[in-house]
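Please read the structure below before turning to the comments.
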Amino acid sequence: MKNYLTISEAKKCLMSREFSAYELMQHYLNRIKNYSKLNAYVTLDEEKALASAKHADERIAKGESLPLLGVPLAVKDLFCTKGIRTTACSKILSEFVPEYESTVTQNLLNNGAVFIGKTNMDEFAMGSSNITSCFGPCFLPYRKKSKPDIELVPGGSSGGSATAVASDLCVAAIGSDTGGSIRQPAAFSGLVGIKPTYGLCSRWGMVAFASSLDQAGPLTKTVEDAAIMLKAMAGYDQKDSTSEKVAIPDYTAFLGQSVKGMKIGIAREYLEGLNEENLALLEKAKSWLIDAGCEIVDISLKTTSYALPAYHIIAPAEASSNLARYDGVRYTKRAKNFSNIDELYVNSRSEGFGEEVKRRILTGTYVLSAGYYDAYYTRALKIQKMIKDDFRNNAFSKVDLILCPTTPNTAFGIEESANMSPVDMYLNDVYTVNANIAGLPAISVPAGLSKDGLPMGVQLIGNRFAEAEIFKVSHVIEKSANFAELRKEIITI
Ligand code: GLN
């Protein structure tokens with residue numbers, strides 16, 4: 001069996017009976033055991049996984065054909081899966097077994113996918129390193145050339161999904177992105193990760209972090225796989241009031257189409273303070289796009305630096321409200337010691353939430369409190385409007401897409417991350433939060449390696465529902481970067 005199978009390769013092999021879905025599932029379950037130290041998965045139900053693969057084989061034998069029939073995928077433990085424990089990697093949800101399936105996972109199942117298991121993540125998707133998980137950190141399967149003994153983070157919060165794909169413990173995975181949680185781990189892990197337009201994928205059945213920003217999306221080995229998977233996940237859902245009624249095209253049809261004449265904007269604000277390696281990579285990406293016939297346009301987005309502060313008001317505000325439901329009565333693990341209802345709430349929440357989640361709840365409660373609401377929350381919403389207007393008036397009136405870095409740096413050490421201040425950690429998202437604040441689609445595509453041999457990604461941000469353009473152009477970058485070759489140079493564990 002070929003290693004590092006993509007969705008399209010897996011499908012071909014399954015359809016031509018080169019191997020069965022059952023064999024493929026077994027293969028991944030074995031690999032997961034061999035690589036258990038990576039801590040990519042937090043819940044596996046082998047019997048269920050093998051049974052669903054067997055069922056897929058029966059359907060294939062009957063001549064059925066679906067886009068993901070028999071393809072083993074991994075699911076971030078933020079998506080409710082019927083009858084399978086869903087924890088958001090928080091102690092407070094450690095006993096929660098949903099009675100329903102999230103819309104996104106249901107859509108994947110309807111397209112024939114089979115699930116391997118649930119992946120590790122930062123608690124409630126709050127983090128950029130996967131170190132806040134109650135199941136312990138997840139590890140990047142790569143090492144730096146200069147310091148091969150140092151363990152690195154896969155990024156976060158969808159760190160488990162990224163590691164599962166990068167270390168070939170599944171064909172592809174899904175993650176969620178509130179401020180960068182798909183794109184940052186994708187960049188660290190040499191993967192493709194897209195956060196769709198807000199409203200393209202239903203949020204129903206996803207454990208909510210910041211409802212106005214959360215979006216589901218794929219983490220895949222190739223742009224083509226991302227296009228296949230997004231089509232399968234997306235679609236209008238009446239159970240999500242912010243779901244949008246838009247046609248979902250066959251995104252793969254756009255791959256390989258000419259990008260001649262497309263205008264790609266580079267905002268000078270994204271270049272300020274960028275390190276040399278990132279600047280050089282951006283220059284390379286620019287030249288690939290010029291060679292393919294794109295026109296590069298200098299633009300200015302003056303509100304860029306306001307996005308991160310606004311995010312750290314809006315996201316915790318919504319989180320403090322969303323997480324109020326975890327009270328030790330419903331869903332959750334109840335504290336053993338309490339003598340009245342107030343103590344039950346306080347003790348269950350104090351024991352159940354980790355430090356970072358508590359920090360967000362406190363920040364959120366503070367910015368929503370009577371005396372501070374206008375000074376912080378209302379102001380952040382005004383800034384959000386300015387950022388949206390800025391993108392509309394100063395970017396998408398002039399260009400089709402924006403090219404920028406995904407992350408300020410490559411994967412960092414686990415130990416280093418444990419010693420980072422919260423603000424230093426938040427700075428990881430400086431290039432990714434803008435798209436969430438404005439509700440825009442954005443992708444990270446692997447484009448090169450750092451001097452130290454770690455993957456680096458570049459980001460393309462599009463106008464609302466410009467996913468097809470994003471795929472078209474990112475496919476050009478993927479081909480020009482020839483990352484499949486570069487990957488061979490990475491030190492893996
Ligand atoms: N790293 C960001 C945070 O901690 C984004 C998380 C996410 O996208 N879920 O808030």
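Both counts, for ligands and for their atoms, begin at 1 and track the order of listing.
- Residue contacts with ligand 1: A125 is placed with a nitrogen or oxygen under 3.5 Å of a nitrogen or oxygen of the ligand (distance criterion only).
- The existence of a salt bridge linking D177 and R183 is confirmed by a sub-4.0 Å separation between a basic side-chain nitrogen and an acidic carboxylate oxygen.
- In summary, the atoms of ligand 1 found under 4.0 Å from a heavy atom of S157, numbered by their order in the structure, are 9 (N).
- Polar contact with ligand 1: present for T178 (N/O pair, distance under 3.5 Å).
- The residue Y426 has no part lying near ligand 1, judged by heavy-atom distances below 4.0 Å.
- Of all protein heavy atoms, the one lying nearest to atom 10 (O) of ligand 1 is Y311 OH, 2.6 Å.
- Heavy-atom proximity to D177, at under 4.0 Å, picks out these atoms of ligand 1: 8 (O).
- The aromatic rings of Y311 and F209 stand perpendicular to each other, their planes meeting at an angle above 60°, with 30° marking the opposite boundary.
- For N130 (side chain) and P185 (main-chain N/O), no donor-acceptor pair under 3.5 Å exists by modelled atom type.
- Looking only at protein heavy atoms, the nearest one to atom 7 (C) of ligand 1 is S181 OG, 2.4 Å.
- Of the N or O atoms in G179, one or more lie within a sub-3.5 Å distance of an N or O in ligand 1.
- Each of the atoms 9 (N), 10 (O) of ligand 1 lies under 4.0 Å from some heavy atom of F209.
- You'll find the side chain of N428 reaches within 4.5 Å of the side chain of F188, heavy atoms only.
- Near M126, with a cut-off below 4.0 Å to any heavy atom, the atoms of ligand 1 are 4 (O).
- Aromatic ring pairs are classed by plane angle as parallel below 30°, tilted from 30° to 60° and perpendicular above 60°; the pair F353 and Y326 is perpendicular.
- Cation-pi geometry between K221 and Y4 is met: the NZ or CZ atom falls under 6.0 Å from the ring centre, inside 45° of the normal.
- In M121, neither the side chain nor the backbone holds a heavy atom less than 4.0 Å from any atom of ligand 1.
- Nearest-residue assignment for atom 1 (N) of ligand 1 (options T432, D429, I182; heavy-atom criterion): D429.
- For R360, the closest heavy-atom approach to ligand 1 falls below 4.0 Å.
- Within the cation-pi definition used here (under 6.0 Å to the ring centroid, within 45° of the axis), K245 qualifies as a partner of Y236.
- Judged purely by atom type and a 3.5 angstrom limit, E356 has no side-chain atom pairing as donor or acceptor with the backbone of G127.
- Q106 places no side-chain N or O within 3.5 Å of a backbone atom of T103 that could act as its donor or acceptor partner.
- By the 4.0 Å heavy-atom criterion, G127 is counted among the residues contacting ligand 1.
- Using modelled atom types and a 3.5 Å distance limit, the side chains of R464 and T197 yield no donor-acceptor pair.
- Considering both main-chain and side-chain atoms, H312 never comes within under 3.5 Å of ligand 1 through any nitrogen or oxygen pair.
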